[in-house]
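See structure below.
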Protein chains: 2
Amino acid sequence: MRGMAPSVFPTPDHDHGRCTADALAHAEALCEARSQRLTPIRRQVLEALLTSHKPLGAYEIIELTGQEGARPAPITIYRALDFLIENGLVHRIESRNAFIACIHNHAISDFVVFLICERCGAVGEVSSRAIGETLSNAAKAAGFTPKAPVVEVSGICAHCRGV
Amino acid sequence: MRGMAPSVFPTPDHDHGRCTADALAHAEALCEARSQRLTPIRRQVLEALLTSHKPLGAYEIIELTGQEGARPAPITIYRALDFLIENGLVHRIESRNAFIACIHNHAISDFVVFLICERCGAVGEVSSRAIGETLSNAAKAAGFTPKAPVVEVSGICAHCRGV
DNA sequence: GATGATTTGCTGCATTGCAACAATTAGTTT
DNA sequence: AAACTAATTGTTGCAATGCAGCAAATCATC
C-alpha cells in the first residue's frame, strides 16, 4: 500500500494510533538495524511529533514530553532531534523553525517536498522524482552540485479550502 | 556573454559597482512607481546586501550600516528588511536565517530557486518555469493550493568546485 | 502650520539554539 | 563482577534571532 501513491496529507479520519504505532515500530527496526539507540528521550520526542502530526517547535516538544513535573532542557530536545533527523525519522521545516515526524520510509537522500497549510498547520509530504530531477538539472545547468534541497510550499490544503 | 541565460551566480569578476548601482536604480524606480518610500535606512540595508552579494544575517547588517558610532537597533533593520522583502527587492533565505538582495527584476510571485554554496556562501538565483510548474502540479495533485514556494538547495558552486 | 499617516527610536523581552563540562548510563573486555 | 571505554543525558549559562509597544520625529496634504 505504500510506494505508488503515498498519502500526501494524513486524512483527518485516518487511524492515528495505528499510524503512530507503525512509525514507532519502523523507527525501532531502523535503529536496531543500524545499531543506533532509540533511547527513552529520543522515543518520547518522536512520539510527540508523531502524535501531533503537525510541525512542533523545540519548545513545544519540551511542553509535551515533560508532563510529570520535570521537563527536559532545550538542549536535550535538540540533541534528540539531531539524532532523529540524522536517521531520517524527523524533518526540519526551515521556514517555520519547527520539526515534523516523517511518516514515509524513504532514504535520507530522497527528495521531499513539504506542503504546509497556512490555516491548519498540517504538513503534506510529497516525494516526487520529477521535481527532484528538474531541480537537479537546473542546478547542474548553473554549474552547481546540489546536496540537500529544501522545498517548502505554503498554501491551503484541500481540507481547509472546504472540499 | 550574459543575457539569455541570466547570470545565476554573479561571477567573481563582474562589474560589481555597476551591478549595485543598477539594482539601486531599479529599486528607486520601483518604489517611485508604487509611491513607496525608499528611505535612507531602507536604502542602506539594501546597499549593504547588494555590496556583500552574499546572504547576511540581520545582525551583520547592523554592523555594516552603523559605521559611524551609532548603530541601528535590530528592530530598525528588521523593519527595513520587511519593507524590502514586501517589495521584492530582498529575499529571505530560510535555511540560513539570512537575507540577500535580489538582483533579478522579477515579480514577487515569480518562482525562484536559491542555490547556496556551502563553501563560499555565494547564492545563485534561478527562475525556472519548469520547476515552478512541476511543483505546482504536484501540489495540486495533493489538493493543495500553493502560495509561496521556498526552494533552497545547498551544494557546491562551480567556482568552488574548481572549474 | 495644522492634521493625519508613515517611519524611526527606544526599551525591553520572547524565542530559538547551542557550547562546555560534569554526571550518568550502556556496552565491552578482562 | 570489576574495569574500562563510548555514548548519552544533566546542568549551567549564554549567544543569536526576532519582535512588541509606545514615544518621537518626519512626511504629505490641505
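The analysis underlying the following values was restricted to heavy atoms, covering all of them including side chains, and did not include hydrogens, waters or symmetry mates. These numbers were taken from a predicted model, which means no experiment stands behind them. Naming convention: chains lettered A, B, ... in sequence-line order (proteins, then strands); numbering from 1 in each chain.
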Toward the 5' end of DNA chain D, by each residue's nearest nucleotide, A80(A) or Y59(B):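 Taking each residue's closest nucleotide, the earlier one in sequence belongs to A80(A).
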
Select from P74(B) and P40(A) the residue whose nearest nucleotide in DNA chain D is closer to the 5' end of that strand.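 The 5'-side residue here is P40(A).
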
[X] side chain N/O closer than 4.0 Å to the phosphate oxygens (OP1, OP2) of [N]?
X      : N       : result
T39(B) : dT26(D) : no
R37(B) : dT26(D) : no
R79(A) : dT9(D)  : no
T76(A) : dT9(D)  : no
N97(B) : dG18(D) : yes

Hey, could you give me the CD/CG distance between E60(A) and L49(A), rounded to the nearest 0.5 Å?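 Separation between the atoms: 10.0 Å.
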
Side chains of L46(B) and T20(B) in contact at under 4.5 Å (non-hydrogen atoms):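 Counting from C-beta outward, L46(B) and T20(B) never come under 4.5 Å.
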
Gap between atoms CD1 and P, on I75(A) and dA22(C) respectively (whole Å):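 After rounding, the reported distance stands at 16 Å.
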
Write down the distance between CD1 (I61(A)) and P (dT15(C)), rounded to a whole number of angstrom.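 Rounding to the nearest Å, CD1 of I61(A) and P of dT15(C) are 15 Å apart.
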
Does E32(B) CD have over 12 foreign heavy atoms under 6.0 Å away?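 Atom CD in E32(B) is not crowded, with 12 or fewer foreign heavy atoms closer than 6.0 Å.
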
Can we call the ring centroids of H159(A) and F9(A) under 6.0 Å apart?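 They do not qualify: ring centres at least 6.0 Å apart.
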
Considering only side-chain heavy atoms of Y78(B), which listed nucleotide, dG18(D), dG17(C), dT9(D), is closest?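 Shortest atom-to-atom distance from the side chain points to dG18(D).
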
